S.K.: 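Have a look at the structure that comes next, please.
What you see is a predicted model; the values in this text were computed from it and never measured.
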Amino acid sequence: MATLTRIFALIALPSILMACGTTTGPSPEKTAAQAFYDYLSNPGSPAQAEAFKRVAAEDWQSIGNYSGNNKSRDAFAGQMAGFSKLIPDLDWAVQDMHQDGNTVVVRSRATGTPVAPLFGINGEGRRFDVLTIDIHEFEAGKIARSYHVEDWSGGLRQLTSPAVAKATADAIEGQETMKVVMAFMQAMGSGDMETMMDLMADDMVWQNEGDSAIPWIGPWKGKEQILSFLQTFSTGAKTTLWENEDVSASGDTVSIFGKMKFITTHSNQETDEFTFGLRAKVRDGKVVLWNWLENSYDVSRTYHGK
């Protein structure tokens with residue numbers, strides 16, 4: 001009897017599975033979504049282009065384009081036609097697909113080797129491999145909208161040579177370093193001690209070389225010493241000219257060159273106009289080095305009234 005029961009179960013199993021829907025193939029929505037990625041992997045194929053138009057509604061929109069603008073079906077097809085020439089080996093491989101009603105979510109990877117600059121980056125034969133996430137919304141059996149995110153930032157880093165990548169990273173870091181240094185300089189010029197304190201690292205060093213007989217010649221280390229030096233300088237010198245002329249930044253370092261004059265209260269005399277230089281370093285948004293270079297001979301001469 002047990003054997004007959006097992007035989008009956010095996011005979012009935014296909015009917016039971018069909019009734020539960022477990023033997024059916026992908027849903028129409030998933031099939032349409034797969035056709036979309038087949039097109040992305042071969043955008044130069046007229047057959048794949050037609051297949052895309054069959055599964056995408058006439059008013060379909062690509063939402064989340066890297067340019068910040070939505071794309072119509074025809075505009076998107078034009079872009080992909082350009083990609084077929086720019087990236088002949090473009091492949092958009094589906095790795096996971098989930099459906100919830102009329103919405104299909106797809107995780108995929110896009111790979112390829114551009115034969116010309118991509119988004120302004122000349123990869124020189126390098127290959128990109130990026131993660132992409134898409135949410136496809138269906139209406140009346142067709143894809144009505146596709147929301148997507150693609151890691152082109154990571155892809156462009158893969159295409160960039162190490163030297164260029166470092167230069168780019170240094171430039172980006174330099175912009176943030178510049179903001180900190182200029183904020184510190186502005187606070188110093190306006191006497192905003194609270195902002196200066198906030199922008200100073202606890203272990204900051206102020207290096208100001210020259211005649212050791214002058215009370216504001218350093219080095220000065222730490223906030224307490226630097227604040228003491230600033231008070232001494234503010235009472236010992238009155239700035240009459242300070243103009244920044246050349247400013248550059250890379251990584252954690254800012255360089256500033258300009259012209260300056262000031263009157264020393266010790267002699268009540270004014271320096272000649274001289275060129276100054278500044279090398280400032282920033283760590284974690286705080287100034288850690290303020291290396292000030294000036295005409296130490298003229299400053300010393302003026303201080304002593306010679």
S.K.: Within the 3.5 Å criterion, strictly below it, is a donor on Glu270 or Thr240 matched to an acceptor on the partner's side chain?
M.R.: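 Side-chain D/A pair, Glu270 to Thr240: present.
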S.K.: Taking atom CH2 of Trp220 and atom CZ of Phe229, what is their separation to the nearest 0.5 Å?
M.R.: 7.5 Å
S.K.: Would you name the heavy atoms of His136 and Ala33 that are closest together and state the gap between them?
M.R.: CD2-CB, 4.4 Å
S.K.: For Asp272, does the CG atom sit with more than 12 other heavy atoms under 6.0 Å from it, leaving out its own atoms?
M.R.: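 Enclosed: over 12 neighbouring heavy atoms sit under 6.0 Å from CG of Asp272.
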S.K.: Is there a donor in the side chain of Arg145 and an acceptor in the side chain of Gln61, or the other way round, less than 3.5 Å apart?
M.R.: no
S.K.: Heavy atoms only: give me the nearest Tyr39-Ala77 pair and the separation to one decimal.
M.R.: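 Heavy atoms only, the tightest pair is OH-CA, 3.3 Å.
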S.K.: Just to verify, which of Lys179, Lys286, Met204 counts as forming a side-chain contact (heavy atoms from CB on, under 4.5 Å) with Phe184?
M.R.: Met204
S.K.: What about the rings of Trp92 and Phe36, do their centers lie closer together than 6.0 Å?
M.R.: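 Centroid distance Trp92-Phe36: not below 6.0 Å, so no.
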S.K.: Pick out which of Asp91, Asp96, Thr132 makes a side-chain hydrogen bond (donor to acceptor under 3.5 Å, both in side chains) with Ser108.
M.R.: Thr132
S.K.: Examine the side chains of Tyr297 and Asp211 and answer whether a donor and an acceptor come within less than 3.5 Å of each other.
M.R.: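 Their side chains do not contain a donor-acceptor pair, so the 3.5 Å distance test is not met.
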S.K.: Is it the case that Asp134 and Ser146 place a side-chain donor and acceptor less than 3.5 Å from each other?
M.R.: no
S.K.: Where does the angle between the aromatic ring planes of Phe128 and Trp152 fall among parallel (under 30°), tilted (30 to 60°) and perpendicular (over 60°)?
M.R.: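 Ring orientation, 0 to 90° scale: perpendicular.
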S.K.: Quick one about Glu173 and Gln175 (side-chain donor to acceptor, distance below 3.5 Å, no hydrogens or angles considered), yes or no?
M.R.: no
S.K.: Would you call Phe83 and Leu40 a side-chain contact if the rule is heavy atoms closer than 4.5 Å?
M.R.: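 Not touching, per the 4.5 Å side-chain cut-off.
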S.K.: I'd like to know if the side chain of Glu294 pairs up with that of Trp292 as donor and acceptor (distance under 3.5 Å, no hydrogens or angles considered).
M.R.: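 Distance-only check passes for Glu294 and Trp292.
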S.K.: Looking only at heavy atoms, which two atoms of Met196 and Ala187 are closest? And how far apart?
M.R.: CG-CB, 3.6 Å
